[in-house]
Each structure stands twice: as structure tokens, then as C-alpha cells.
Amino acid sequence: MQKHKLKDLRILREFAWFWMNMYKHHNAIRFYNFKDGAYLGTLLQDMGFEMDGGESYRKKFGVEKLPDLNTLKRQLPDMDIQLLGNLIFSQWRYWNHWSDYEVMEEKDYDWFVVAFERLLELSDH
């Protein structure tokens, strides 16, 4: 597991705060930024996270699919920064690439808000 340095944590906090608010206020922001825009993936990769298709999450929790909002809320206390960042990356990739043009619903935006809120908390330690 990658150990994040203090400087990296400051950058990670700013990153998590920004994207938490982007998803929280998604109605005021162009849809492109959430599903079609590739730069969130690039930023996640630059932060040191891996788009592993949910593999690290599935290994940790012994499940087959990515978590829905309620499952995510239940499991967040058992995730570290790396696992959560990888999971966010995989979930973003689902919406960006694998969703077959499904439309994100409020619960899908909430998933990202909750995940980025927790990433913000974890980067504050």
C-alpha cells in the first residue's frame, strides 16, 4: 500500500474537496465533467490511484461487484486512502466507459459525494 506524504495529503485534501463539491452541485455543472471528461481519471492516476476495475475492493471485501451507496457507507470505515481512491477511480471508469450510456441518477452522484467526503477525512490525518 502506498504511503502518502504530508505534502501529498494537502494536495489530496484539495482534490477531494473540489470533486466532492463538483458532484454535490452537479446540477449547476455541465454533465461532461462527470461522465465524459477524461481529466478526473488523469488526476486520479496522477494522485497515485489505480483503475483496477474494482479488483482491490473485491479482494478486500470478498464480493463480485462494486458497492452501491448503502454498501459503500457501511464499508467506508474499513477502507484506507489507497483502496478508496482505487474504488473511486473504478466507479468513475464505470460511468465513463462501461455504463452503456446509462444516465446517472441522484444516488449515483451521492455515491461520489460520500466517497470524496471520506477521502477528504482520511487525507486530514
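Values below: all heavy atoms of this structure, side chains included; hydrogens, waters and symmetry mates excluded. Computed from a predicted structure; not experimentally measured.
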Handout entry: Spatial distance of atom CG (L66) from atom CD1 (I88) [nearest 0.5 Å]
Key = 12.0 Å
Handout entry: From CG (L12) to CZ (R10), nearest 0.5 Å
Key = 11.0 Å
Handout entry: Side-chain touch I81/L9, heavy atoms, less than 4.5 angstrom
Key = yes
Problem - Spatial distance of atom CG (D68) from atom CG (D110) [nearest 0.5 Å] - result: 12.0 Å
Handout entry: Side-chain heavy atoms of L83 within contact of F61, under 4.5 Å
Key = yes
Fill in the blank from the handout: Heavy-atom closest pair (L72 atom, M79 atom, distance to 0.1 Å) is CD1-CE, 4.0 Å
Problem - Heavy-atom pair of closest approach, residues L84 and L119 - result: CD2-N, 3.5 Å
Exercise for the section: Please say whether more than 12 non-hydrogen atoms of neighbouring residues, nucleotides or ligands are located less than 6.0 Å from CD in E64. Expected result: no
Fill in the blank from the handout: Output for pair (W92 CH2, L44 CG), nearest 0.5 Å, gives 7.5 Å
Exercise for the section: Report yes if some heavy atom in the side chain of Y23 is under 4.5 Å from a heavy atom in the side chain of M104; otherwise report no. Expected result: yes
Fill in the blank from the handout: Separation between CG (L40) and CH2 (W19), nearest 0.5 Å, reads 4.5 Å
Exercise for the section: Mark yes or no for whether N21, through its side chain, and W17, through its backbone, hold a donor-acceptor pair below 3.5 Å. Expected result: yes
Problem - Side chains of F112 and H26 in contact at under 4.5 Å (non-hydrogen atoms) - result: no
Problem - Taking every non-hydrogen atom, the tightest pair across R118 and P77 - result: NH2-CA, 4.1 Å
Exercise for the section: State, yes or no, whether a side-chain contact exists between L122 and D80 at a heavy-atom distance under 4.5 Å. Expected result: no
Practice task
Determine whether S90 and D52 make a side-chain contact, defined as any pair of heavy atoms from C-beta on separated by less than 4.5 Å.
Solution key: yes
Practice task
Return the minimal non-hydrogen interatomic distance between M20 and L120, and the atom names on each side.
Solution key: CE-CD2, 4.2 Å
Exercise for the section: Please step through side chain to side chain contact (heavy atoms under 4.5 Å, CB included) for the pair T71 and V63, ending with a clear verdict. Expected result: CA-CA 11 Å; T71 303; V63 296; over 6 Å; no
Practice task
Compare all side-chain heavy atoms of N86 with those of F89 and state whether any distance is below 4.5 angstrom.
Solution key: no
Exercise for the section: For the pair M22 and F116, evaluate side chain to side chain contact (heavy atoms under 4.5 Å, CB included) and give the outcome as yes or no after the intermediate values. Expected result: CA-CA 10 Å; M22 287 283 282; F116 278 116; over 6 Å; no
Problem - Which atom of L69 lies closest to which atom of K107, heavy atoms considered - result: CD2-O, 4.1 Å
Handout entry: Any side-chain heavy-atom pair of E50 and E55 under 4.5 Å
Key = no
Fill in the blank from the handout: dist Q91:CD -> M51:CE (nearest 0.5 Å) comes out at 12.0 Å
Practice task
Report yes or no: does Q82 contribute a side-chain atom to a donor-acceptor pair with the main-chain N or O of G48 at less than 3.5 Å?
Solution key: yes
Exercise for the section: Please test E102 against Y94 for side chain to side chain contact (heavy atoms under 4.5 Å, CB included), starting from the C-alpha separation and ending with a verdict. Expected result: CA-CA 10 Å; E102 289 178 54; Y94 169 80; 2.4 Å; yes
